[in-house]
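Position 1 is the first residue of the sequence, and the numbers go up from there. Reckoned from all heavy atoms, side chains included, excluding hydrogens, waters and symmetry mates.
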Amino acid sequence: MSGIVAAIESFGVFVALDDGPKHPVFPGVGFITMPELSWRSFEDPSEIVSMGERITCEVLTFDTTNGEARLSLRATQPAST
């Protein structure tokens, strides 16, 4: 699944999805938690992604409480050795 980085917060990254999961209230919203951004160590999410950047992620689950898809960017990258 791909989308555009819409917001970078200290706790993770919000993504505006191109083809969001079918949800009647919150279609097209994704969130990547800090651990799912990268295999490598980092302090700030902006070290990994930039505002407006197009990224491809894997959908992990759909969080019905927050109305967003939980995504993983690191799942699309080879694991570090």
Side-chain angles (χ1 to χ4, degrees):
M1 178 159 293
S2 62
I4 304 290
V5 175
I8 299 173
E9 303 291 343
S10 60
F11 50 88
V13 174
F14 289 94
V15 180
L17 301 171
D18 294 338
D19 295 313
K22 303 304 179 213
H23 186 276
V25 181
F26 302 105
V29 177
F31 181 72
I32 308 171
T33 61
M34 295 289 277
E36 292 299 330
L37 281 171
S38 178
W39 292 104
R40 69 179 179 88
S41 297
F42 63 94
E43 293 291 320
D44 189 300
S46 62
E47 296 174 40
I48 308 300
V49 296
S50 303
M51 284 291 297
E53 178 181 355
R54 175 166 293 285
I55 58 173
T56 299
C57 300
E58 184 176 303
V59 176
L60 300 176
T61 187
F62 191 78
D63 180 350
T64 54
T65 302
N66 293 314
E68 61 199 15
R70 291 297 171 115
L71 308 172
S72 175
L73 181 59
R74 79 177 185 171
T76 65
Q77 304 164 347
S80 59
T81 57

Before giving the answer on side-chain contact (heavy atoms from CB on, under 4.5 Å), spell out for Val29 and Leu17 the whole-Å C-alpha distance, their side-chain angles and the decisive distance to 0.1 Å.
CA-CA 6 Å; Val29 177; Leu17 301 171; over 6 Å; no
If I compare all heavy atoms of Val13 with all of Pro45, which pair ends up nearest, and what's the gap?
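In this case the closest contact between Val13 and Pro45 is CG2-CB, 3.9 Å.
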Which heavy atom of Ala16 sits nearest a heavy atom of Ala6, and at what distance?
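In terms of heavy atoms, the two residues are closest at N-CB, 4.1 Å.
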Output side-chain donor-acceptor pairs under 3.5 Å for residues 47-62, partner residues at least two apart or in another chain, one line each.
unit_1 : atom_1 : unit_2 : atom_2 : d
Glu47  : OE2    : Glu43  : N      : 3.2
Glu47  : OE2    : Asp44  : N      : 3.0
Glu53  : OE1    : Ser50  : N      : 2.8
Arg54  : NH1    : Asp18  : OD1    : 3.2
Arg54  : NH1    : Asp18  : OD2    : 2.5

Sequence-distant partners of Arg74, salt bridge (Lys or Arg N to Asp or Glu O under 4.0 Å), two or more places apart:
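For Arg74, the residues satisfying salt bridge (Lys or Arg N to Asp or Glu O under 4.0 Å) (neighbours in sequence not counted) are Glu36.
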Report whether Ile4 and Ile8 are members of the same hydrophobic cluster (ILVMFWY, side-chain heavy atoms less than 4.5 Å apart, transitive linking).
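Per the 4.5 Å side-chain linkage, Ile4 and Ile8 are not co-clustered.
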ILVMFWY clustering at 4.5 Å (side-chain atoms), partners of Phe14
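The other cluster members (ILVMFWY side chains, heavy atoms under 4.5 Å, direct or chained) are Phe11, Phe31.
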